[in-house]
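All values reported here derive from a predicted model rather than from experimental measurement.
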Amino acid sequence: MPSRLSALSSLLLICTVFKVGKCMRHHLTHLRAMDLLMAFLSIVSVLLVTARWWGHASITPQTLQLFYDLDSLICYFFLAHFAYGWLRAPDRKAFFMANWIYLPGSLPMVEQLRWARLLQLWRVYQLFREHPDLWAMFRRERNETTLSGILFLFFLLLGVGSGVMYWIESGQPGSEIQTPYDAFWWTLVTLSTVGYGDLVPRTEEGRFVASLLILFGVGLFGAISGFMASIFLQPAKESETDKWRHHYNNQQEQLLRELRALRDEVRELKKK
């Protein structure tokens with residue numbers, strides 16, 4: 001069970017989250033597909049921490065340790081996303097000032113701060129209220145939507161596949177998948193289409209789930225290959241200089257056409 005100090009600090013942090021969330025209007029820009037993925041991972045992270053705190057009586061120590069490791073991996077993903085956005089931002093100082101509030105909840109090994117990820121959910125909710133047309137957002141940002149969808153499916157299949165395989169195979173006679181780490185490793189290897197063969201399901205139900213994950217894994221990595229190919233093959237976007245040059249050339253051509261028309265009119269007048 002968590003200590004009283006940890007529970008009290010978490011309660012205070014939750015109250016602070018909702019108070020700060022009401023003051024986040026000036027942080028809003030527009031809803032992006034990656035924001036939806038971050039909201040999904042925030043929910044998963046909070047659930048993992050909650051299970052670690054309150055599930056000691058019914059969850060095995062190996063499962064609790066796996067939850068801790070998965071939460072740490074999600075935190076590293078949060079930090080990588082923040083660093084990428086900061087590096088790509090035209091004004092890095094403004095980006096940091098507008099998004100620093102998400103950093104405390106992204107720090108691994110500090111589970112009491114994980115409730116700060118609720119700010120991400122509040123932000124997505126506010127953005128959705130401002131721009132409820134998700135299909136327009138998906139069409140506007142096709143590359144980011146595709147990447148977010150691939151990552152969402154990968155995380156979802158990895159989590160659901162690991163849980164289902166552990167539930168089916170653990171405790172069965174002759175089964176090689178007996179621990180949560182075994183189930184997680186087997187699911188990761190199967191989805192990546194590597195197939196080491198060191199762990200295999202023995203039950204009929206487990207093999208059925210394995211066949212589904214193999215099909216999903218092939219389709220998932222096929223989508224990743226197609227996405228990467230589309231990035232390298234798509235035409236580069238025009239820079240501001242190129243746009244100005246094209247606009248200037250069009251103006252010149254229009255002026256030349258008008259001059260030719262005027263010259264033809266002068267010639268007609270001289271003939272008369």
Side-chain angles (χ1 to χ4, degrees), residues 33-52 55 58-78 80-81 134-135 138 141-233:
M34 194 59 70
D35 293 327
L36 300 177
L37 177 63
M38 293 297 107
F40 168 74
L41 292 179
S42 298
I43 295 175
V44 174
S45 179
V46 171
L47 291 178
L48 289 176
V49 172
T50 304
R52 277 181 50 80
S58 57
I59 301 178
T60 62
Q62 286 184 332
T63 304
L64 295 176
Q65 183 62 38
L66 178 62
F67 287 171
Y68 176 82
D69 294 337
L70 292 177
D71 177 64
S72 299
L73 289 176
I74 293 176
C75 288
Y76 293 135
F77 187 83
F78 288 150
H81 176 258
L134 292 179
W135 291 114
F138 293 153
E141 301 169 354
R142 294 182 182 273
N143 288 340
E144 183 173 335
T145 300
T146 303
L147 179 60
S148 301
I150 291 174
L151 291 176
F152 171 76
L153 287 177
F154 176 75
F155 292 136
L156 183 64
L157 291 173
L158 184 61
V160 174
S162 300
V164 172
M165 187 56 63
Y166 176 68
W167 177 66
I168 292 176
E169 290 288 322
S170 62
Q172 297 295 328
S175 175
E176 300 176 355
I177 303 175
Q178 294 293 337
T179 66
Y181 279 98
D182 291 339
F184 180 80
W185 168 251
W186 176 88
T187 307
L188 180 61
V189 169
T190 303
L191 284 177
S192 62
T193 67
V194 175
Y196 283 120
D198 53 344
L199 298 175
V200 293
R202 297 297 183 184
T203 63
E204 296 296 331
E205 296 83 358
R207 290 175 179 175
F208 175 75
V209 173
S211 62
L212 294 179
L213 287 178
I214 290 172
L215 295 176
F216 280 120
V218 172
L220 188 65
F221 276 82
I224 294 176
S225 301
F227 173 71
M228 297 300 296
S230 66
I231 290 180
F232 287 109
L233 296 178

CD on Q65 to CG on L70, rounded to 0.5 Å
10.0 Å

Is it the case that the side chain of S211 and the backbone of F208 share a donor-acceptor pair, with hydrogens and angles ignored and the cut-off at 3.5 Å?
yes

Looking only at the side chains, is there a donor atom on one of E169 and S175 sitting less than 3.5 Å from an acceptor on the other?
yes

Should we count OH of Y181 as having more than 12 external heavy atoms under 6.0 Å?
yes

Looking only at heavy atoms, what is the nearest atom pair of E176 and D182, with distance?
O-OD2, 3.7 Å

Going by side chain to side chain donor-acceptor pair (under 3.5 Å), name the residues that satisfy it together with T187, two or more places apart in sequence or in a different chain.
S162

Minimum heavy-atom distance between I168 and E205, given as atom pair plus value
CG2-CB, 3.8 Å

Spacing of L47 atom CG and D71 atom CG [to the nearest 0.5 Å]:
10.5 Å

Distance, nearest 0.5 Å, that separates CG of L199 from OG1 of T179
8.0 Å

Would you mind telling me which of I177, L158, V189 makes a side chain to side chain contact (heavy atoms under 4.5 Å, CB included) with F184?
L158

Determine yes or no for a side-chain-to-main-chain donor-acceptor pair under 3.5 angstrom, with Q172 supplying the side chain and T203 the backbone.
no

The reported gap from CG in L36 to CE in M38 (rounded to nearest 0.5 angstrom) is 10.0 Å

What closest approach, in Å, do L157 and L213 show between heavy atoms, and which atom pair accounts for it?
O-CD2, 4.3 Å

Is it true that the side chains of W186 and D198 contain a donor and an acceptor less than 3.5 Å apart?
no

Go through the structure and list residues passing side chain to side chain donor-acceptor pair (under 3.5 Å) with Y68, not counting sequence neighbours.
none

Among side-chain atoms of D69 and S72, is any donor-acceptor pair under 3.5 angstrom?
no

Nearest 0.5 angstrom please: R207 CZ to L212 CG, how far?
14.5 Å

What heavy-atom pair brings L48 and F67 nearest, and what distance separates the two atoms?
CD2-CD2, 3.6 Å

Given L64 and T60, is the side-chain contact (heavy atoms from CB on, under 4.5 Å) satisfied, shown in steps?
CA-CA 6 Å; L64 295 176; T60 62; over 6 Å; no

Just so I know, are the side chains of M34 and L147 near enough to count as touching, which here means a heavy-atom distance under 4.5 Å?
yes

At their closest point, which heavy atom of T63 faces which heavy atom of P180, and how far apart are they?
OG1-CG, 3.0 Å

Determine, stepwise, if the pair F155 / F77 fulfils ring pair (Phe, Tyr, Trp, His ring centres under 6.0 Å).
CA-CA 12 Å; F155 292 136; F77 187 83; 5.7 Å; yes

Answer whether the closest heavy-atom distance between the side chains of V44 and F40 falls below 4.5 Å.
yes

Apply side chain to side chain donor-acceptor pair (under 3.5 Å) to residues T146 and N143 and explain how you reach the verdict.
CA-CA 5 Å; T146 303; N143 288 340; 5.5 Å; no

What's the separation between atom CD in Q62 and atom OH in Y166, rounded to the nearest 0.5 Å?
7.0 Å

Which atom of F78 lies closest to which atom of S45, heavy atoms considered:
CE1-CB, 4.5 Å

